[in-house]
Engineer: 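Questions regarding the structure given below will be posed in turn.
Just the heavy atoms: all of them, side chains too, but no hydrogens, waters or symmetry mates, feed the values below. Given the structure is predicted, the values throughout are model-derived calculations rather than measurements.
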Amino acid sequence: MALLNEDFLLTNEPAKKLFHEHAEKMPIIDYHCHLDPKDIYENKNYPNITRIWLNDGNAGDHYKWRLERANGVPEELITGDGDEYQKFLAWAKTINRAIGNPLYEWTHLELKRFFGIDEVFNEKSAPAIWEKANALLQTDAFKPRNLIKNANVKVVCTTDDPASDLHYHKLLKAEEKENGFKVLPAMRPDNLVRINQGNYGEYMDKFSEVSGVDVTDLKSLTKALEQRFTFFASMGGRLSDHGLNTFHYAEASEDEFNAIMAKAREDNQHLTDDEVNKYQTTLLKVLMRLNQKFGWTMQYHINVLRNANGPMFRKLGADTGWDSMGSQAGIAGEMMKLLSSMSEEDGIPKTILYSTNPNDWMELATGMQSFQGDGVQKLQLGCAWWFNDTRDGMHDQLNILAQQSLLPNFVGMLTDSRSFLSYTRHEYFRRVLCNLIGEWVTTGQVPEDYDYLGKIVEDISYNNAHDYFGFFDKD
């Protein structure tokens, strides 16, 4: 069987019919990614495939970098200043050893869908692929905006600090109709939440300046955040996103919160664990209220072990491949405490819960069902995230969601990527989805009704995200 033939991952006839007649044609809403809006606005051709695929300045694909390190590639050819062709060859050697890893399939899928290159990528084929891909990258079709448009993407949500001026979002908003897609900000207030990391005092000074509010306590912080929500909403923002590597629910009075904030602005390195927990819990409640007030969706990405390799983190910084699945036992239960507390004031916004640890999925899926309501499936189990966005991970997440909630209401896939070539991950997900539903048809668990099942596939692929997030409410 040919690599990535038209039916790859589709192991039964119903799956093939569902994918080719329903999923394949649907547009994409990429509601969580790490693309830089500046790159979208400037719309420059990439000089070569290494720069768009592996390493562009300070940004790159740390999924790939981790595999290269496992294959003994020197750091000079990963994040360093090594020759870009040699970096490309190093990736070819690595991918040749990566069978069974989703990156093997994603890499070939990107070559096939974007570049029309339908051959096995390895050290032998790499020189010709380098020449063909680089020639195509100089054409108009391979400018970032056309890569987005030609992938049938209708919405891209970037990840933006609340102190951002959203300069490039403003410029892109003015050209939205010409582009044919929306680029919207999603607020990521990690620098506010992670009070014990980095220079909190310096960041709060910046946040005060940007918001126009002198932030000194809970009331002023809430006022400043509301100003930023208003501004982000004016730019089309409809989501916030929160990276909770760990979380322990702990209530605090307003006076306690104010004292913790004051201490952190002086010296955040000497906060106790209890103080950090109280601060984060109280701040998350403020953010939940604001998400609900503005009609946004709040995403929680939880249970991650970040920057485990201290020396390399200090040398290269965050998001360079030193993270792994988290292991906080009971973190899902701590999230349920937060939801329970906010349910007392009817303060739960639309919410998506992700975890890198699949051991949390059942607890999250069953727990969230205790807080549904208000005419919409308010809480969702997020798609298989990060280390789990494999065929097996996607299959397991979909199964749990189907068994514990309502799969047809699922808002579907996202790229979580820094690359303009990652939209094929939506195709990959849709194939896994169709194959699972097709299995249910073959075992007699669901009817062989393609109008009914096709509508479910189309909804999960695009329609549910379109309706749930409200990106087009004001159009």
Side-chain angles (χ1 to χ4, degrees), residues 34 36-38 157-171 173 184-245 247 250-272 274-296 298-301 317-319 338 342 347 349:
H34 297 278
D36 188 338
K38 178 181 178 182
C157 292
T158 60
T159 305
D160 304 273
D161 190 279
S164 171
D165 63 6
L166 301 183
H167 172 69
Y168 289 100
H169 282 283
K170 293 178 187 177
L171 297 175
K173 187 176 178 64
L184 307 178
M187 185 186 290
R188 176 90 172 215
D190 287 356
N191 287 320
L192 283 174
V193 175
R194 296 176 187 171
I195 190 173
N196 57 336
Q197 296 185 21
N199 193 330
Y200 179 76
E202 182 179 330
Y203 179 78
M204 292 305 292
D205 290 341
K206 177 183 178 183
F207 188 67
S208 295
E209 180 181 355
V210 169
S211 65
V213 178
D214 183 17
V215 179
T216 59
D217 56 17
L218 181 58
K219 285 188 173 65
S220 56
L221 177 57
T222 302
K223 182 179 179 180
L225 275 168
E226 183 158 9
Q227 189 278 335
R228 301 316 291 162
F229 269 75
T230 300
F231 175 58
F232 271 61
S234 73
M235 292 293 106
R238 302 288 297 179
L239 297 97
S240 68
D241 179 35
H242 308 270
L244 299 180
N245 300 335
F247 177 68
E251 295 186 355
S253 68
E254 185 172 342
D255 287 343
E256 283 181 293
F257 182 91
N258 294 342
I260 295 167
M261 176 183 281
K263 181 179 177 180
R265 296 195 71 161
E266 294 178 6
D267 184 4
N268 61 359
Q269 299 304 313
H270 289 85
L271 294 174
T272 67
D274 186 56
E275 288 171 331
V276 172
N277 296 336
K278 287 181 175 180
Y279 171 89
Q280 291 182 339
T281 300
T282 302
L283 178 56
L284 286 173
K285 290 181 179 183
V286 171
L287 290 162
M288 291 174 77
R289 295 181 189 110
L290 288 169
N291 274 272
Q292 186 183 54
K293 178 177 180 178
F294 281 80
W296 288 14
M298 195 168 183
Q299 300 176 91
Y300 295 94
H301 288 88
D319 301 321
L338 179 65
M342 290 304 291

Engineer: Look only at the side chain of Thr281 and the backbone of Ala250, and say whether a donor-acceptor pair between them is shorter than 3.5 Å.
Structural biologist: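 Indeed, once roles are kept as given, a pair shorter than 3.5 Å links the two residues.
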Engineer: For the pair Ile195 and Ile260, evaluate side-chain contact (heavy atoms from CB on, under 4.5 Å) and give the outcome as yes or no after the intermediate values.
Structural biologist: CA-CA 9 Å; Ile195 190 173; Ile260 295 167; 4.1 Å; yes
Engineer: When Glu275 is tested against each of Lys263, Gln280, His270 for side-chain hydrogen bond (donor to acceptor under 3.5 Å, both in side chains), which residue passes?
Structural biologist: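 Testing Glu275 for a side-chain hydrogen bond (donor to acceptor under 3.5 Å, both in side chains) against Lys263, Gln280, His270 leaves exactly one candidate, Lys263.
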Engineer: side-chain contact (heavy atoms from CB on, under 4.5 Å), that's the test. Do Leu221 and Leu283 meet it? Break it down for me.
Structural biologist: CA-CA 9 Å; Leu221 177 57; Leu283 178 56; 3.9 Å; yes
Engineer: Nearest 0.5 angstrom please: Met235 CE to Tyr168 OH, how far?
Structural biologist: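 Answer for the CE-OH pair, Met235 versus Tyr168, is 15.5 Å.
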Engineer: When rounded to the nearest 0.5 angstrom, what distance separates OG1 in Thr222 from CD in Glu254?
Structural biologist: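 The OG1 atom of Thr222 sits 8.0 Å away from the CD atom of Glu254.
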Engineer: For the residue pair Asp255 and Ser253, confirm or rule out a side-chain donor-acceptor distance under 3.5 Å.
Structural biologist: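 No donor-acceptor contact under 3.5 Å links the two side chains.
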Engineer: So, the side chain of Arg194 versus the backbone of Asn245: is there a donor-acceptor pair under 3.5 Å, distance only?
Structural biologist: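 Such a contact is absent between Arg194 side chain and Asn245 backbone.
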Engineer: Return the minimal non-hydrogen interatomic distance between Gly236 and Pro185, and the atom names on each side.
Structural biologist: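 Taking every non-hydrogen atom into account, C-CD, 4.4 Å.
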Engineer: Within this structure, what is the CG-CD distance for the pair Asn191 and Gln197, rounded to the nearest 0.5 Å?
Structural biologist: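 The CD atom of Gln197 is 9.0 Å from CG of Asn191, to the nearest 0.5 Å.
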Engineer: Between Leu244 and Leu284, is any pair of side-chain heavy atoms under 4.5 Å apart?
Structural biologist: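 Sidechains of Leu284 and Leu244: in contact.
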Engineer: Side chains of Ser220 and Asp217: is there a donor and an acceptor less than 3.5 Å apart?
Structural biologist: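 Present: a donor and an acceptor within the cut-off.
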Engineer: Ignoring hydrogens and angles, tell me if any N or O in the side chain of Asn258 forms a donor-acceptor pair with the backbone of Leu218 under 3.5 Å.
Structural biologist: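 Yes: the side chain of Asn258 pairs with the backbone of Leu218.
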Engineer: State the CE-CE distance between Met288 and Met298, to the nearest 0.5 angstrom.
Structural biologist: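 It comes to 6.0 Å.
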Engineer: Are any side-chain N or O atoms of Trp296 and backbone N or O atoms of Gly237, one a donor and one an acceptor, separated by less than 3.5 Å?
Structural biologist: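 Looks like yes, one N/O pair under 3.5 Å.
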Engineer: For the residue pair Leu192 and Pro162, establish whether any side-chain heavy-atom pair is separated by less than 4.5 Å.
Structural biologist: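 They are in contact (side-chain heavy atoms under 4.5 Å apart), so the answer is yes.
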Engineer: Can Thr216 and Met261 be said to form a side-chain contact (heavy atoms from CB on, under 4.5 Å), step by step?
Structural biologist: CA-CA 8 Å; Thr216 59; Met261 176 183 281; 5.7 Å; no
Engineer: Using a distance-only test with no angle check, is there a side-chain donor-acceptor pair under 3.5 angstrom linking Thr158 and His169?
Structural biologist: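 A donor-acceptor contact under 3.5 Å links the two side chains.
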Engineer: Do Arg188 and Asp190 sit within salt-bridge range, that is, some charged N less than 4.0 Å from a carboxylate O?
Structural biologist: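 Answer for the salt bridge query: yes.
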Engineer: Nearest 0.5 angstrom please: Leu271 CG to Lys278 NZ, how far?
Structural biologist: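 Separation between the atoms: 12.5 Å.
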Engineer: Do Lys223 and Val215 have side-chain heavy atoms sitting under 4.5 Å apart?
Structural biologist: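 They are not in contact (no side-chain heavy atoms under 4.5 Å apart), so the answer is no.
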Engineer: Are Leu287 and Ser240 close enough, and set up right, to give a side-chain contact (heavy atoms from CB on, under 4.5 Å), and what steps lead you there?
Structural biologist: CA-CA 9 Å; Leu287 290 162; Ser240 68; 6.0 Å; no
Engineer: Would you mind reporting whether Phe257 and Val286 have side-chain heavy atoms less than 4.5 Å apart?
Structural biologist: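 No, too far: nothing below the 4.5 Å cut-off.
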Engineer: For Phe232 and Asp161, which heavy atoms make the closest approach, and how far apart are they?
Structural biologist: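 For Phe232 versus Asp161, the nearest heavy atoms are CZ-O, 3.4 Å.
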Engineer: Nearest heavy-atom pair of Ser164 and Phe231: which atoms, and what distance?
Structural biologist: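 Closest approach of Ser164 to Phe231: O-CE2, 3.8 Å.
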Engineer: With a 4.5 Å cut-off on side-chain heavy atoms, are Lys293 and Glu226 touching?
Structural biologist: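 SC-SC contact between Glu226 and Lys293 confirmed.
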Engineer: Working to the nearest 0.5 Å, report the span between CZ of Arg265 and CG of Asp205.
Structural biologist: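 So the CZ of Arg265 and the CG of Asp205 are separated by 5.0 Å.
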Engineer: Using side-chain heavy atoms (C-beta onward) and a distance below 4.5 Å, is Arg228 in contact with Val210?
Structural biologist: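 Arg228 reaches Val210 side chain to side chain.
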Engineer: Less than 4.5 Å apart, any side-chain heavy atom of Leu171 and any of His167?
Structural biologist: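 Yes, their side chains come closer than 4.5 Å.
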Engineer: Please examine the side chains of Phe229 and Asn291, heavy atoms only from C-beta on, and report whether any two atoms are closer than 4.5 Å.
Structural biologist: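 Sidechains of Phe229 and Asn291: in contact.
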Engineer: Please state whether the rings of Tyr200 and Tyr279 are parallel, tilted or perpendicular, taking 30° and 60° as the class boundaries.
Structural biologist: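 Judged by the thresholds at 30° and 60°, the geometry between Tyr200 and Tyr279 is perpendicular.
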